J.: 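Let me give you the structure first, and then I'll get to my questions.
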Amino acid sequence: MEDNKYCYKYPRPSVTTDCVVFGYDEKENSLSVLLIQRKSKPYKGCWAFPGGFLNMDEDAETGALRELKEETNMDPVFIKQLGAYTKVDRDPRDRVITIAYYALTKITEVKGGDDAAEARWFPLNEIPDLAFDHKDILKEAIFALKDCISRNTIDNTIPRESLYQIFQ
């Protein structure tokens, strides 16, 4: 009998990806964050970042871009890895580790799909309560974005001076 190659003596965590997408609004000179409203448990009806479980045949960045497209209909954007989030109780379903990414883009139309009931941009000063540990992830993503702006490693289609003003 052949051994199942995914059967181990020790339990393994699941792996997800989450995307913190910042949207720049030129008319308002403001930043928003893209969120999805969850269609199913846990946290059904709550707002969260687009994301989900990795498939066995994809790397984390590919999975993050796939989930972003499936849940928001947003064409893949340049994303940068933010970090891994490993709190033991961060997901009530199971032991789940997430690899978070962040991006900065101009605001575009989005539409909820797959397991997202809705997708919507929220101004940074109007963020609703977030599912899982996404509030903590958002804080770190804002810090990382500010760092990119200060080091001038951001998308050149968005005026850097305008971004400086937003964070003043």
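Note that these values count all heavy atoms, side chains included, but never hydrogens, waters or copies made by symmetry. No experiment lies behind these values; they were computed from the predicted model shown.
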J.: Answer yes if F49 and F132 sit in the same cluster of Ile, Leu, Val, Met, Phe, Trp and Tyr residues linked by side chain heavy atoms under 4.5 Å apart, and no otherwise.
T.: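 F49 and F132: separate clusters.
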
J.: I want to check something: taking the side chain as every heavy atom from C-beta on, are L124 and I142 in contact at a cut-off of under 4.5 Å?
T.: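 Answer yes - side chains close enough.
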
J.: Taking the side chain as C-beta and beyond, is there a heavy-atom pair between K135 and L138 under 4.5 Å?
T.: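 Side chain of K135 against side chain of L138, heavy atoms only: no contact under 4.5 Å found.
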
J.: Hey, are D115 and K39 close enough for a salt bridge, meaning a charged N less than 4.0 Å from a carboxylate O?
T.: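 K39 and D115: not salt-bridged.
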
J.: Within this structure, what is the CD-CD1 distance for the pair Q81 and I99, rounded to the nearest 0.5 Å?
T.: 6.0 Å

J.: To the nearest 0.5 angstrom, please state how far the OH atom of Y85 sits from the NE2 atom of H134.
T.: 10.0 Å

J.: Work out which heavy atom in V20 is nearest to a heavy atom in A141; give both atom names and the distance.
T.: CG1-CB, 3.7 Å

J.: Calculate, to the nearest 0.5 Å, the distance between atoms CD1 and CZ belonging to I127 and F122 respectively.
T.: 7.5 Å

J.: So do the side chains of K111 and T72 get within less than 4.5 Å of each other, counting heavy atoms only?
T.: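 No, too far: nothing below the 4.5 Å cut-off.
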
J.: I36 versus E118: any side-chain heavy-atom pair under 4.5 Å?
T.: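 No - every pair of side-chain heavy atoms lies 4.5 Å or more apart.
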
J.: Does the side chain of Y101 come within less than 4.5 Å of K80's, by heavy atoms?
T.: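 The answer is no; the side chains never approach within 4.5 Å.
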
J.: To the nearest 0.5 Å, what is the distance between NZ (K139) and CG (D136)?
T.: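 Between K139 NZ and D136 CG, I get 6.0 Å after rounding to 0.5 Å.
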
J.: Taking the side chain as C-beta and beyond, is there a heavy-atom pair between T98 and I137 under 4.5 Å?
T.: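 T98 reaches I137 side chain to side chain.
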
J.: Ignoring hydrogens, what is the shortest heavy-atom contact between A103 and I79? Give both atom names and the distance.
T.: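 Closest approach of A103 to I79: CB-CG2, 3.9 Å.
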
J.: Of all the heavy-atom pairs spanning E71 and P50, show the shortest one and how long it is.
T.: OE1-CA, 3.2 Å

J.: Where do W121 and T108 come nearest, in terms of heavy atoms and distance?
T.: NE1-O, 2.8 Å

J.: Any side-chain heavy-atom pair from L54 and S14 closer than 4.5 angstrom?
T.: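 Side-chain contact under 4.5 Å: no.
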
J.: Nearest 0.5 Å, please: how far is NZ in K87 from CD1 in I97?
T.: 14.0 Å

J.: Using the side-chain contact (heavy atoms from CB on, under 4.5 Å) rule, take L35 and V33 through it: C-alpha gap first, then chi angles, then the decisive distance, then the call.
T.: CA-CA 6 Å; L35 299 174; V33 174; 4.1 Å; yes

J.: Just verifying a value: how many Å separate D94 CG and R12 CZ, rounded to the nearest 0.5 Å?
T.: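 Here the interatomic distance stands at 13.5 Å.
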
J.: Each residue besides F53 in its hydrophobic cluster should be listed here, by chain and number; the cluster joins Ile, Leu, Val, Met, Phe, Trp and Tyr at side-chain heavy-atom distances under 4.5 Å.
T.: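 V96, all in the cluster of F53.
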
J.: For D75, check salt bridge (Lys or Arg N to Asp or Glu O under 4.0 Å) against everything at least two apart and list the hits.
T.: K69

J.: Can you list, pair by pair, the side-chain donor-acceptor contacts under 3.5 Å of residues 25-32, counting residues two or more places apart and other chains?
T.:
| unit_1 | atom_1 | unit_2 | atom_2 | d |
| --- | --- | --- | --- | --- |
| D25 | OD1 | K27 | N | 3.0 |
| D25 | OD1 | E28 | N | 3.2 |
| N29 | OD1 | Y24 | OH | 2.9 |
| N29 | ND2 | Q165 | OE1 | 3.1 |

J.: May I ask you to check whether Y102 and F22 place their ring centers less than 6.0 Å from one another?
T.: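 Aromatic pair excluded; centres sit 6.0 Å or further apart.
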
J.: Can you find a pair of side-chain heavy atoms, one from T62 and one from D57, that are under 4.5 Å apart?
T.: no

J.: Could you pull out the closest heavy-atom pair between L82 and A144, with the gap in Å?
T.: CD1-CB, 3.7 Å

